[in-house]
Amino acid sequence: MKKLIAGNWKMNGSLASAMELARAVEASVASEPGLLSRCDFLVCPPFVHVGGVKPVLTHVSLGAQDCSVFTNGAYTGDVSADMLADMGCTHVILGHSERRQHFGETDGAIRQKAEKVWQAGMTALICVGETEAQREEGQEAHIVAEQMKHAIPDGATSRNVVVAYEPVWAIGTGKTATPDDIRTMHAFIKDQLSARFGDQPIRILYGGSVKPSNAGDIFNIPHVHGALIGGASLKSSDFIGIAKEVKELD
Ligand code: 13P
């Protein structure tokens, strides 16, 4: 399986800087065919930059960071899954911990959004992960199992779902989970997915302070099928540097 190298640009940048970043990522990916033989690439700009960057991306897929639970209509400020598909998006990040924390996003809402993403023909990139307090209480497996049970709709396949394990305490903090933490959790997520959806190769990404210097060790862990990258995805050399740490296919 190729690794998925996904950039979550969060709420950063201007149209000009988004275009520059997208152009730089596209140029690097296009100029090194070896990268594309081992990795798929995805960038997820803010909604307002999605349409701008689309024309410069050929070898890099385009995603969004959220979508509406509704199909269309009088929902001021919302953006539907259909609109994102129409703009050329193939993926939508759902249930990021920042949306859970700051916008009260629930597993139920994430599930509804995932269904809209599927109806629009896209892939839902569903984020799960425990807080530091939950890990200290030894609750991490229980929390992640509950999030997956309630946020992933029935009918998940390797084509319509990617799961991202992002321990909340490792996001933007410079703290990466240890290889043992990641190994244990990814194996657990794999077992949960197999029990519910059968033995299909649903990708499981790791996210949380991934950078070129730690990516090699992370990619060597079984059931790590790529990375969801925040801060380091805002610099093309770091984003591509992470992809270069993928040395072989699983
Ligand atoms: P950082 O890579 O900045 O820790 O962010 C991870 C993340 O939240 C990706 O969705």
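As the structure lists them, so they are numbered: ligands from 1, and atoms in each ligand from 1.
With sequence neighbours left out, the ring-ring contact (aromatic ring centres under 6.0 Å, His included) criterion links Phe197 to no other residue.
Which parts of ligand 1 touch Gly172 is read off a 4.0 Å heavy-atom cut-off, strictly below it: atoms 1 (P), 3 (O), 4 (O). Within ligand 1, counting atoms from 1 as listed, the ones closer than 4.0 Å to a heavy atom of Ala170 are 4 (O). Residue Asn8 has at least one heavy-atom neighbour below 4.0 Å for each of these atoms of ligand 1: 9 (C), 10 (O).
Inclusion of Gly207 in the set of residues having an N or O under 3.5 Å from an N or O of ligand 1 is not warranted. Between Glu98 and ligand 1, no pair of N/O atoms sits closer than 3.5 Å. Polar contact with ligand 1: absent for Ala232 (N/O pair, distance under 3.5 Å). When only interatomic distances are considered, the shortest N/O to N/O separation between Gly208 and ligand 1 does not fall below 3.5 Å. Inclusion of Thr173 in the set of residues having an N or O under 3.5 Å from an N or O of ligand 1 is not warranted.
Listed by first and then second residue, the salt bridge (charged side-chain N to carboxylate O under 4.0 Å, His left out) pairs involving residues 221-246 are Glu32-Lys244 (not counting sequence neighbours).
Ranking the protein heavy atoms by distance from atom 7 (C) of ligand 1 puts Glu166 OE2, 3.2 Å first. The closest protein non-hydrogen atom to atom 3 (O) of ligand 1 is Gly231 N, 2.8 Å. Here the heavy atom of the protein found nearest to atom 2 (O) of ligand 1 is Gly230 N, 2.9 Å.
Ring geometry for His186 versus Tyr206: interplanar angle of 30 to 60°, hence tilted.
Using a 4.5 Å heavy-atom threshold, the side chains of Val168 and Glu132 count as separate.
Two different hydrophobic clusters hold Ile171 and Ile126 under the rule that ILVMFWY side chains link at heavy-atom gaps under 4.5 Å.
When the heavy atoms of His96, Lys175, Lys211 are ranked by distance to atom 10 (O) of ligand 1, first place goes to His96.
Atom CG of residue Asp66 and atom CG of residue Asp78 lie 7.5 Å apart, to the nearest 0.5 angstrom.
By the neighbour-count criterion of 12 heavy atoms within 6.0 Å, atom CD of Glu115 is densely surrounded, having more than that number from other residues, nucleotides or ligands.
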